[in-house]
Amino acid sequence: MPVFEHHVFVCQNSRPEGAPRPSCTVDGKSELLAELQLRTKAASQAGLLKGPVRINKAGCLDQCEHGPTVVVYPEAVWYGGVTAADAAEIVEEHLVNGRPVARLRIADDCLNAKTCPHKS
């Protein structure tokens, strides 16, 4: 397997209606994943990326209250409330220019925390 400059995981988890925690997708699919893949491919073909980038769908990333969630490695930058409209900014700012998108980041003290302003 090639070494990736970035490895991006996009939560595709869906739960039944009425589940105690929210879902990142209704049906296990999302425009977000497709848009990130499309934008990353375009950036790669334009020679804007420093190395290969892999965009993968993921099961539950256990940040349900912040969903839809995306995590970018190796930096371990967690994004929450991400929509397909945010894909271009994540690719351009984070993957191409190395600047995580502050407005989408999940606060470190909310990650894997028992209490958080977003949890009910």
Side-chain angles (χ1 to χ4, degrees):
M1 191 163 200
V3 176
F4 298 110
E5 182 73 21
H6 291 98
H7 203 151
V8 181
F9 294 92
V10 183
C11 181
Q12 300 292 281
N13 193 52
S14 75
R15 290 193 169 86
E17 191 172 323
R21 296 182 80 187
S23 297
C24 283
T25 66
V26 175
D27 59 1
K29 302 175 187 173
S30 75
E31 291 177 29
L32 170 58
L33 176 69
E35 193 66 20
L36 280 167
Q37 289 172 328
L38 182 72
R39 300 282 181 160
T40 300
K41 183 177 181 180
S44 178
Q45 290 174 338
L48 300 175
L49 297 171
K50 294 177 184 156
V53 173
R54 177 78 178 172
I55 310 292
N56 276 103
K57 63 182 174 178
C60 183
L61 295 171
D62 202 26
Q63 303 303 315
C64 309
E65 290 75 16
H66 304 108
T69 57
V70 173
V71 61
V72 180
Y73 287 106
E75 302 97 326
V77 171
W78 288 81
Y79 292 120
V82 185
T83 67
D86 298 316
E89 185 176 9
I90 290 171
V91 171
E92 182 177 335
E93 290 301 315
H94 191 151
L95 303 182
V96 172
N97 295 315
R99 297 184 299 253
V101 181
R103 71 178 183 82
L104 295 172
R105 285 188 83 166
I106 299 172
D108 287 344
D109 59 350
C110 279
L111 286 170
N112 300 315
K114 289 190 185 284
T115 61
C116 171
H118 307 99
K119 291 187 176 185
S120 47

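Computed from a prediction, not measured in an experiment: that's the story for all the values here.
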Applying salt bridge (Lys or Arg N to Asp or Glu O under 4.0 Å), can you list everything that pairs with E93, at least two apart in sequence or on another chain? R99

Do any pairs count as a ring pair (Phe, Tyr, Trp, His ring centres under 6.0 Å) and have a residue in residues 84-115, sequence neighbours left out, and if so which ones? H6-H94, Y79-H94

Do the side chains of T69 and C24 get nearer than 4.5 Å, heavy atoms only? yes

Gap between atom NE2 of H7 and atom CD of E75 - 0.5 Å precision: 12.5 Å

Same hydrophobic cluster for F9 and V82, using side-chain heavy-atom links shorter than 4.5 Å among ILVMFWY? no

How long is the span from the CG atom in N97 to the CG atom in L49, to the nearest 0.5 Å? 10.0 Å

Are R39 and D86 within salt-bridge range, i.e. N to O under 4.0 Å? no

W78-L95 co-clustered via ILVMFWY side chain contacts under 4.5 Å: no

What residues form a side-chain hydrogen bond (donor to acceptor under 3.5 Å, both in side chains) with S44, not counting sequence neighbours? none

Hydrophobic cluster identity match, V72 and L111, side-chain contacts under 4.5 Å: no

Hey, could you give me the CD1/CG distance between I106 and L61, rounded to the nearest 0.5 Å? 9.0 Å

Point-to-point distance, once rounded to the nearest 0.5 Å, from CG of L32 to CD1 of I90: 6.5 Å

Rounded distance (nearest 0.5 Å) linking atom CG of L36 with atom CG of N56: 11.5 Å

Between C60 and C64 the two heavy atoms that sit nearest each other are SG-SG, 3.8 Å

Rounded to the nearest 0.5 Å, how far does CZ of R103 lie from CZ of R105? 13.5 Å

Worked check of side chain to side chain contact (heavy atoms under 4.5 Å, CB included) between L48 and V91: CA-CA 10 Å; L48 300 175; V91 171; over 6 Å; no

Evaluate the side chain to side chain contact (heavy atoms under 4.5 Å, CB included) criterion for residues Y73 and F4: first the C-alpha distance (whole Å), next the side-chain angles of each, then the deciding distance (0.1 Å), finally the verdict. CA-CA 9 Å; Y73 287 106; F4 298 110; over 6 Å; no

In terms of hydrophobic clusters joined by side-chain contacts under 4.5 Å, are V77 and V70 together? yes

When every non-hydrogen atom of A43 is compared with those of V96, the smallest separation belongs to CB-CG2, 4.1 Å

For R15, does its backbone N or O pair with a side-chain atom of S23 as donor and acceptor, under 3.5 Å? yes

Please walk me through it: do N112 and Q63 pass side chain to side chain contact (heavy atoms under 4.5 Å, CB included)? CA-CA 7 Å; N112 300 315; Q63 303 303 315; 2.8 Å; yes

Test applied, side chain to side chain donor-acceptor pair (under 3.5 Å); reference residue, S30; option that passes from Q12, E35, K57: Q12

Trace of the side chain to side chain contact (heavy atoms under 4.5 Å, CB included) decision for D62 with R21: CA-CA 10 Å; D62 202 26; R21 296 182 80 187; 2.6 Å; yes

Does any non-hydrogen side-chain atom of T25 lie less than 4.5 Å from one of L33? no

